[in-house]
Amino acid sequence: SIINKFGSKKIASACSKIFLIDSGRDSQTPYMVFLPIKNHGDSQVLMAQTIIEDNFLEIKSVDAVAKKVGISPRHFKRRFKQATGELPLKYLQRTRIDAARQMLETTKDSIDEITWSVGYQDVSSFCRLFKQTTDLSPKAYRDKFFSGAQVF
């Protein structure tokens, strides 16, 4: 495709999901792309978003992120929700699920390996959260979107 030729496989994949209408489904959720709000004007929340996106594997709690940006946990959660529209824990989960989606599309790593590589220890909890977010199990997602092309 032209997008693949002049852009990248990652951009081509994102465009195909955005513009595809799957008439056989009740929901377009599997095609949704995580596009976080960043033009909110809150520099500490923006710093927290960057910390979450760059370190999602190591983050044990959102309270630790609040501490890193110098805001009390309670105030941090309120400001984060006000700026981005979602709580920091949900943002962390969506960041991890997005990383897992990319791995399912481009690698043959097992579901267990992907679970651990995005920061979860419990495979069944990860699979449940993945299905809540995408309407597909990780296996069904891979079956639908696997391209084998590394896009990282």
Side-chain angles (χ1 to χ4, degrees), residues 1 3-4 6-20 22 25 27-40 42-69 71 73 76-77 79-152:
S1 78
I3 297 171
N4 203 11
F6 294 105
S8 68
K9 289 188 184 299
K10 186 174 184 177
I11 293 170
S13 176
C15 288
S16 69
K17 286 178 188 167
I18 289 169
F19 294 113
L20 179 74
D22 190 346
R25 292 197 53 90
S27 167
Q28 293 297 108
T29 304
Y31 303 100
M32 289 179 61
V33 178
F34 179 46
L35 298 171
I37 297 169
K38 294 191 174 179
N39 61 346
H40 44 68
D42 188 325
S43 62
Q44 286 177 297
V45 170
L46 185 59
M47 186 186 318
Q49 287 176 278
T50 302
I51 290 168
I52 290 170
E53 291 166 10
D54 293 346
N55 304 289
F56 62 86
L57 182 60
E58 295 87 24
I59 294 173
K60 302 296 183 221
S61 75
V62 293
D63 290 356
V65 177
K67 186 176 180 181
K68 279 189 173 189
V69 296
I71 307 173
F76 171 67
K77 290 169 188 160
R79 273 182 56 189
F80 197 97
K81 169 101 172 147
Q82 185 177 15
T84 66
E86 57 192 6
L87 291 168
L89 179 59
K90 182 74 171 173
Y91 191 90
L92 173 60
Q93 290 171 339
R94 288 181 56 143
T95 301
R96 288 176 170 168
I97 294 297
D98 193 54
R101 287 167 68 148
Q102 290 179 22
M103 293 177 76
L104 288 165
E105 291 173 17
T106 60
T107 73
K108 292 184 180 181
D109 294 351
S110 72
I111 304 301
D112 290 1
E113 291 171 312
I114 291 172
T115 299
W116 301 320
S117 69
V118 297
Y120 291 102
Q121 281 71 51
D122 183 355
V123 176
S124 64
S125 293
F126 165 75
C127 290
R128 216 173 13 261
L129 180 63
F130 190 92
K131 186 163 184 165
Q132 285 174 354
T133 305
T134 65
D135 279 349
L136 295 172
S137 70
K139 182 188 179 323
Y141 187 89
R142 173 173 275 157
D143 291 346
K144 187 167 195 69
F145 294 109
F146 181 72
S147 69
Q150 291 285 85
V151 294
F152 301 120

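The structure presented is a predicted model; accordingly, all values stated were derived computationally and were not measured.
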Legend entry - Exceeds 12 heavy-atom contacts within 6.0 angstrom, atom NZ of K38: yes

Legend entry - Rounded distance (nearest 0.5 Å) linking atom OH of Y91 with atom CD of E86: 7.5 Å

Inset, instruction - Not counting sequence neighbours, which residues clear side-chain hydrogen bond (donor to acceptor under 3.5 Å, both in side chains) with Q93? List them please. - result: none

Legend entry - Steps toward side-chain contact (heavy atoms from CB on, under 4.5 Å) verdict (T107, R142): CA-CA 9 Å; T107 73; R142 173 173 275 157; 3.7 Å; yes

Inset, instruction - Answer yes when D135 and K131 have at least one side-chain N-carboxylate O distance shorter than 4.0 Å, and no when they do not. - result: no

Legend entry - Polar side-chain atom of Q44 near backbone of V69 as donor-acceptor pair, under 3.5 Å: yes

Inset, instruction - Measure the CG-OG1 distance between L129 and T115 for me, rounded to the nearest 0.5 Å. - result: 10.5 Å

Inset, instruction - Evaluate the ring planes of Y120 and F126, with Trp represented by its six-membered ring, and classify them as parallel (under 30°), tilted (30 to 60°) or perpendicular (over 60°). - result: tilted

Legend entry - Distance, nearest 0.5 Å, that separates OG1 of T133 from CD1 of I97: 4.5 Å

Inset, instruction - Looking only at non-hydrogen atoms, find the nearest pair between L92 and F56 and report the distance. - result: CD1-CB, 3.8 Å

Inset, instruction - Return the minimal non-hydrogen interatomic distance between Q49 and P36, and the atom names on each side. - result: NE2-CB, 4.1 Å

Legend entry - From OG1 (T106) to CZ (R101), nearest 0.5 Å: 12.5 Å

Legend entry - For the student: nearest non-hydrogen atoms of V65 and F76, plus distance: CG1-CZ, 3.9 Å

Inset, instruction - Quick one: pull up CZ in R79 and CD1 in I71 and give me the separation to the nearest 0.5 Å. - result: 4.0 Å

Legend entry - OG1-CG distance between T95 and L57, expressed to the nearest 0.5 angstrom: 12.5 Å

Inset, instruction - Output all residues satisfying side-chain hydrogen bond (donor to acceptor under 3.5 Å, both in side chains) with D122, sequence neighbours left out; order by chain, then residue number. - result: S124, S125

Inset, instruction - Check for a donor-acceptor pair, side chain of N55 on one end and backbone N or O of I51 on the other, with a separation under 3.5 Å. - result: yes

Legend entry - Heavy-atom closest pair, residues I111 and L104: CD1-CD2, 3.6 Å

Legend entry - E53 (side chain) donor-acceptor with T50 (main chain) under 3.5 angstrom: no

Inset, instruction - Check whether any side-chain heavy atom of E105 sits under 4.5 Å from a side-chain heavy atom of F145, and report yes or no. - result: yes

Legend entry - Where I52 and P88 come nearest, the two heavy atoms and their spacing: CD1-O, 4.3 Å

Legend entry - Contacts of D63 that satisfy salt bridge (charged side-chain N to carboxylate O under 4.0 Å, His left out) - sequence neighbours left out: K77

Inset, instruction - Taking all non-hydrogen atoms of both residues into account, name the closest pair between P138 and C127 and its distance. - result: CG-SG, 3.8 Å

